[in-house]
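Take a look at the structure set out below.
All values derive from a computational prediction rather than experimental measurement. Per chain, numbering begins at 1; letters A, B, ... match sequence-line order.
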Amino acid sequence: MSQIRVRFAPSPTGYLHIGGARTALYNWLFARKHNGVFILRIEDTDTDRSTQASIDEILDGLRWLGITWDEGPYFQSHFIAEHQKAAQQLLERGHAYKCFCTKEELEAKRDEALRKKIDYKYDKACRKLSPQEIKEREKQEIPYVVRFKVPESDGSVVFDDLVYGRIEKKYADIEDFVILRSDGKPLYVLSNAVDDYRDRITHVFRGQDGLANTPKQILIYNALGYELPQFAHMSLTLDTKKAKISKRKHGDVVTVKYYKEHGFLPWALCNFLALLGWSNSESRELFTREELIEAFDISGISKSNAIFNYTPGDPKNWTDPKAIAINARHMSMMDVRELAPYVRDELRIAGLWDERYEHELREWFLSTIDLIRTRFHTLKDFATLGRPYFSDDFSYDEVAVQKNLKKDPQLKEYLLQLADRFERLPSFTVEASEHEVRQLSEQLGIKAGILINAVRTAVTGQAAGPGLFELLRAIGKERVVNRLRKAAHIFFQ
RNA sequence: GGUCCCAUCGUCUAGUGGCCUAGGACGCUGGCCUCUCACGCCGGAAACACGGGUUCGAGUCCCGUUGGGACCA
C-alpha cells in the first residue's frame, strides 16, 4: 500500500478545543506510527465566521501540543473554483441537476410534511424537469442550487468504517442533497471530498459527527470517479450532561490555550486526550511521546462517546481529575532537565526567575525542582507552593503556624538555638543539620518531630513539604538561619 | 420527525460464548511507611440499562424496550 496520508481539517470559527485537539492527535499518532504524512487543512470557506485570530489560535495550540504537520496549512478557500468545477462535472455527467425551487416553496413543503408528521425529503421536483423547462428557467435567470442525483434503485451505500464496522445506508433514505448554493458557494460535503481527493488522503479520520455525511460523500467520490479512502470515525467528547463540548457553553476550560496557561505540560494533555476514547490491551495509561506512537492502534478506539469529567467551580477539579493526575505523574517522572524550561517559564511569569539558575546555579536549580516536584499537580505549583525555595518573600499558612509554632511558646527559644547551631556549622549538609536537630531534641527531651515540623513551617511557611533536612539544604544555610530568627520574632510575643 | 450510531463502577476503560466471584486507572476511602505532605505499598466501597430469546452455558450473539448522541430538517 502506498504511503498513508491523513489530515486534520478544522474550521477556524473559534478556539482550538480539546475535542478538536484529540481528533488532530489521533490523526497525528496514526501518521507517525505508520511513517505517513499528516496534513493540516483549514476549512475557512465560511467567510462570515472564520477569523485570522482563530487560525492563529489553532496553529499555536497544535504547535504547543507538539502535533506537527508535514504539509500545509492548506486553505480550503483557495480551492473554491475547483469545488465548483467538480459540481460542473457532476452536472455534465448527469450526476447532478439544477434545482430552481425557491426557499419559500421548499419551506412550505417542509412545514406541510412536519404538520402531517411525515419525513421530509426534497421531492425531486426539479429532477424531473425537461431540458426545455430548464432552458426556460435559465433564460429567466431564476437562481438555482445544484443537487446531487441520488440513485433511485433499491440499493444502498455500504462501507466499512475502521471503528464502527459495516455501515449501510439505503439510497431511498438519502435525499437529493445540495452541493452548490445559489450564490455559487460549494457545500461542505462536496468541498471536503474534493479536497481529500486532491490531498490524496488515504484515511479519513474524523469525529463521529461526520459519520452521517459519509454515505453522501461516497456517492460524490463514486460519481467523480475518485478512489475511496478508508474511513474511521471516532467517538465524541461530551460534557457531564452529555452535550457536545463547546467554548460557548463551557468557557475556557475546553480550550487548549487554557491548559497552556494553567500549568499543563503539553504532552500530559495529549496523553490524557489519547485516553479519552482509546485504550490499549495492556491497560497502560502513562506514555511518553514515542511510547504512545508505538502503542497507538485504531482497534483500541472506542465506539461510545466519552465524557469530559470536570466540575465547574471546583478549584480542585477545575478540569478532569484524571488529566490533573496524568500531568502530575509526568511532572514527577520526566527527566528533570526536560522539566526545567517549563518551570523557568512559570517562575518568569511569577517574577521569581533568576538567570543564574541556568548557569552557576543550574545544579542547585535542578536538584531543587527535583526535590519538590513529586507533590505538585501543575507547573503553577512551582511558583506558589514552591515560592519559598526561590524567594524570601513568601506567606505563612495560618493553620500551619498555629499547629507547628504557636502551640508551644518555648519553640521561640528552640528556633533561636537552632539558628545559632546551624550558623556555626562549617558545612550545611543533610547529615549535619539532621544531627543538630536530633541532638537538640534529645537535650531538650522532646520529640524530634516537634522541632522538625516547627522548622519546616518557620522556613517555608507550610505544614507539608519534602523531608526537612533536604529541604534545608536546598534553601541554604544563610536563608534558613535568617528565617528561623525572623519566625522567632514575628510569631512569639 | 426521519436516518445512522452507541450503551460495563461517579469518570476513562478491559472484556470478541466458559479463564468473570467482572479486571485496571482516576477520584473517594481504611491502613502501612514516616518529621509533615506527596510518592510507594497493602486493603475497601463502587458497574454489565431493562425485557425476551439462542445456547449445556451470555457482560459477550439475536430481537425488542428504554436511555443517550450525531446528522438531516
Original post:
If we take the C1' atom in both B:G10 and B:G2, what is their distance in whole Å?
Top reply: 35 Å
**OP:** Write down the partner of B:G10 under the Watson-Crick or G-U wobble criteria, each distance required to be under 3.5 Å.
**Re:** B:C26
Subject >> Sidechain N-carboxylate O distance under 4.0 Å for A:Asp392, A:Lys486 >> reply: no
**OP:** Could you check whether A:Ser302 gets within reach of a base, just the sugar-phosphate, or nothing at all, counting any heavy atom under 4.0 Å?
**Re:** sugar-phosphate
Original post:
Taking the same atom, C1', in B:C61 and in B:U54, what whole-Å distance lies between them?
Top reply: 8 Å
Original post:
Would you call A:Asp176-A:Lys149 a salt bridge at under 4.0 Å N-O?
Top reply: no
Subject >> 5'-most by nearest nucleotide on RNA chain B - A:Ala306 or A:Lys241 >> reply: A:Ala306
Original post:
Across the strands shown, which category fits A:Lys244 at heavy-atom distances under 4.0 angstrom: base, sugar-phosphate, nothing?
Top reply: sugar-phosphate
Original post:
What class does the angle between the rings of A:Phe428 and A:Phe422 fall in, given that below 30° is parallel, 30 to 60° is tilted and above 60° is perpendicular?
Top reply: perpendicular
Original post:
What string of B, S and - do you get for nucleotides 24-39 of chain B, 5' to 3', when a contact is any protein heavy atom under 4.0 Å?
Top reply: BBS-S------BBBB-
**OP:** To the nearest Å, give me how far apart CZ (A:Phe287) and P (B:C12) are.
**Re:** 18 Å
Subject >> A:Asp239 CG to B:G68 P, straight-line distance once rounded to whole Å >> reply: 14 Å
Subject >> Pairwise distance OH(A:Tyr389) to CG(A:Leu347) - rounded to 0.5 angstrom >> reply: 13.5 Å
Original post:
Partner of B:U65 by Watson-Crick or G-U wobble geometry, both contacts under 3.5 Å, or none?
Top reply: B:A49
Original post:
Parallel, tilted or perpendicular for A:Tyr122 and A:Tyr97, by the 30°/60° rule?
Top reply: parallel
**OP:** Take atom C1' in B:G51 and the same atom in B:A7, then report the distance between them in whole Å.
**Re:** 15 Å
Subject >> Rounded P spacing from B:G23 to B:A46 in Å >> reply: 12 Å
**OP:** Would you kindly give the CD1-to-P distance between A:Ile324 and B:C12, to the nearest whole Å?
**Re:** 16 Å
**OP:** Between protein and nucleotides 3-9 of chain B, map the contacts as a letter string: B base, S sugar-phosphate only, - none, heavy atoms under 4.0 Å, written 5' to 3'.
**Re:** S-SSS--
Original post:
Applying a 3.5 Å limit to both distances, which nucleotide forms a Watson-Crick or G-U wobble pair with B:C71?
Top reply: B:G2
Original post:
Considering every strand shown, what is the Watson-Crick or G-U wobble mate of B:C32 when both distances are under 3.5 Å?
Top reply: B:G40
**OP:** Determine the interatomic distance between C1' on B:C20 and the same-named atom on B:C9; round to the nearest Å.
**Re:** 15 Å
Subject >> Nucleotide B:C71, atom C1' - distance to CD1 of A:Ile218 in whole Å >> reply: 15 Å
Original post:
Given the side-chain rings of A:Phe296 and A:Phe30, with only the six-membered ring counted for Trp, is the space between their centroids under 6.0 Å?
Top reply: no
Original post:
Does A:Arg485 come within less than 4.0 Å of A:Glu423, counting only side-chain N to carboxylate O?
Top reply: yes
**OP:** Determine which nucleotide pairs with B:U54, using a 3.5 Å limit on both distances of a Watson-Crick or G-U wobble pair.
**Re:** none
Original post:
In terms of the angle between their ring planes, are A:His262 and A:Tyr258 parallel, tilted or perpendicular, with boundaries placed at 30° and 60°?
Top reply: parallel
**OP:** Using the six-membered ring wherever Trp is involved, compare the ring planes of A:Trp318 and A:Phe264 and label them parallel, tilted or perpendicular (cut-offs 30° and 60°).
**Re:** perpendicular
**OP:** Find the distance A:Ile18:CD1 to B:C12:C1' and express it as a whole number of Å.
**Re:** 13 Å
Subject >> Length of the OH-C1' vector between A:Tyr188 and B:C72, whole Å >> reply: 14 Å
Original post:
Expressed in whole Å, how much space separates the C1' atoms belonging to B:A47 and B:A22?
Top reply: 9 Å
Subject >> Same-atom distance (C1') from B:U66 to B:G52, integer angstrom >> reply: 14 Å
**OP:** Quick one: sort the A:Tyr226 and A:Tyr197 rings into parallel, tilted or perpendicular, breaks at 30° and 60°.
**Re:** parallel
Original post:
Over how many whole Å does the gap from A:Asp209 atom CG to B:A70 atom P extend?
Top reply: 9 Å
Subject >> Gap in Å between the two P atoms, one belonging to B:C50 and one to B:U11, rounded >> reply: 15 Å
Original post:
Could A:Glu346 and A:Lys380 be called an ion pair, given the rule that one side-chain N must be under 4.0 Å from one carboxylate O?
Top reply: yes
Subject >> d(CD1, A:Ile301; P, B:U13) in whole Å >> reply: 11 Å
